[in-house]
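Counting from 1, the numbers follow the sequence of the chain as shown.
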Amino acid sequence: MSVEGTWNLSIATPLGTMNAVVELRRHNGVLTGTAHGAGEEVPLHDVALDGDRLTWKQAVTKPLRLNLAFDVTVDGDTLRGTSRAGRLPASKVTGERRA
């Protein structure tokens, strides 16, 4: 399964819906990525694909300083799952790959 490409994400947080763009690339066989949102660009860490399950971690500073852990299931050009910040409740994540 290929997850490379640019994804438009929508994250339903307690502060309201946040939109982000995630770019995933494979470099020397390793999945890497960058997230853009809330006026900042951050690298993705520990990006892993296991079957249709995609996980990664990222740190953000806006609107709050948080370490986020994403756990989503990819189905073709859509994804669904959760984002978790520490002990806070999980936020629902949906996304679509850009054409």
Side-chain angles (χ1 to χ4, degrees):
M1 167 181 295
S2 171
V3 295
E4 290 102 305
T6 302
W7 295 82
N8 293 326
L9 299 188
S10 179
I11 306 155
T13 76
L15 301 174
T17 300
M18 310 284 291
N19 294 309
V21 174
V22 169
E23 294 177 18
L24 295 169
R25 303 279 177 262
R26 195 171 290 279
H27 183 71
N28 293 332
V30 177
L31 210 47
T32 63
T34 308
H36 309 265
E40 67 181 342
E41 178 179 319
V42 297
L44 306 184
H45 301 284
D46 303 329
V47 183
L49 181 64
D50 182 9
D52 61 357
R53 181 178 178 216
L54 176 66
T55 57
W56 74 88
K57 295 177 182 169
Q58 69 185 72
V60 297
T61 60
K62 298 175 185 175
L64 301 168
R65 186 176 297 275
L66 296 170
N67 291 314
L68 303 175
F70 286 79
D71 188 339
V72 299
T73 301
V74 179
D75 182 9
D77 291 331
T78 62
L79 58 79
R80 294 188 188 292
T82 59
S83 169
R84 191 171 210 89
R87 287 185 255 170
L88 296 175
S91 296
K92 182 179 168 188
V93 176
T94 57
E96 289 187 354
R97 188 183 339 226
R98 289 186 186 172

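- For the pair Ile11/Thr94, no side-chain contact is recorded, criterion being any heavy-atom separation below 4.5 Å from C-beta on.
- The side-chain contact (heavy atoms from CB on, under 4.5 Å) test applied to Arg87 returns no partner, not counting sequence neighbours.
- With sequence neighbours excluded, the residues that form a side-chain contact (heavy atoms from CB on, under 4.5 Å) with Ala90 are Thr82, Arg84.
- For Glu4, the salt bridge (Lys or Arg N to Asp or Glu O under 4.0 Å) partners at least two apart in sequence or on another chain are Arg26.
- Both Leu31 and Val74 are assigned to one and the same hydrophobic cluster, defined by single-linkage of ILVMFWY side chains at heavy-atom distances under 4.5 Å.
- The shortest heavy-atom contact between Ser91 and Pro14 is OG-CD, 4.0 Å.
- Counting only heavy atoms from C-beta outward, the side chains of Lys57 and Val47 never approach each other to under 4.5 Å.
- Here the closest non-hydrogen pair linking Lys62 and Ala38 is CD-O, 3.1 Å.
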*Take Leu68 and Trp56 through the side-chain contact (heavy atoms from CB on, under 4.5 Å) test and state the conclusion after the steps.*
CA-CA 8 Å; Leu68 303 175; Trp56 74 88; over 6 Å; no
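- From Leu44, atom CG reaches atom CZ of Phe70 across 8.5 Å, with rounding to the nearest 0.5 Å.
- Residue pairs meeting the side-chain hydrogen bond (donor to acceptor under 3.5 Å, both in side chains) criterion with at least one partner in residues 30-41, sequence neighbours excluded, are Glu23-His36, His36-Glu41, Glu40-Thr61.
- Closest heavy-atom contact between Ser10 and Thr17: OG-CG2, 3.2 Å.
- Under a hydrophobic clustering in which Ile, Leu, Val, Met, Phe, Trp and Tyr are joined whenever their side-chain heavy atoms come within less than 4.5 Å, directly or via other members, Leu66 and Val22 fall into the same cluster.
- In this structure Arg97 satisfies the side-chain contact (heavy atoms from CB on, under 4.5 Å) test together with Ser2, Trp7, Asp77, sequence neighbours excluded.
- No chain of hydrophobic side-chain contacts below 4.5 Å, direct or via other Ile, Leu, Val, Met, Phe, Trp or Tyr residues, connects Val3 to Val30.
- The only member of Val72, Asp75, Thr73 that meets side chain to side chain contact (heavy atoms under 4.5 Å, CB included) when paired with Asp52 is Thr73.
- Using a 4.5 Å cut-off between side-chain heavy atoms of Ile, Leu, Val, Met, Phe, Trp and Tyr, with links allowed through other members, Leu79 and Leu49 fall into the same hydrophobic cluster.
- Here the side chains of Asn8 and Arg98 are in contact, with some heavy-atom distance below 4.5 Å.
- Put simply, CE on Met18 and CG on Leu9 are 12.0 Å apart, with the number rounded to the nearest 0.5 Å.
- Taking the side-chain contact (heavy atoms from CB on, under 4.5 Å) definition, one finds that Arg53 meets it with Thr55, Asp71, sequence neighbours left out.
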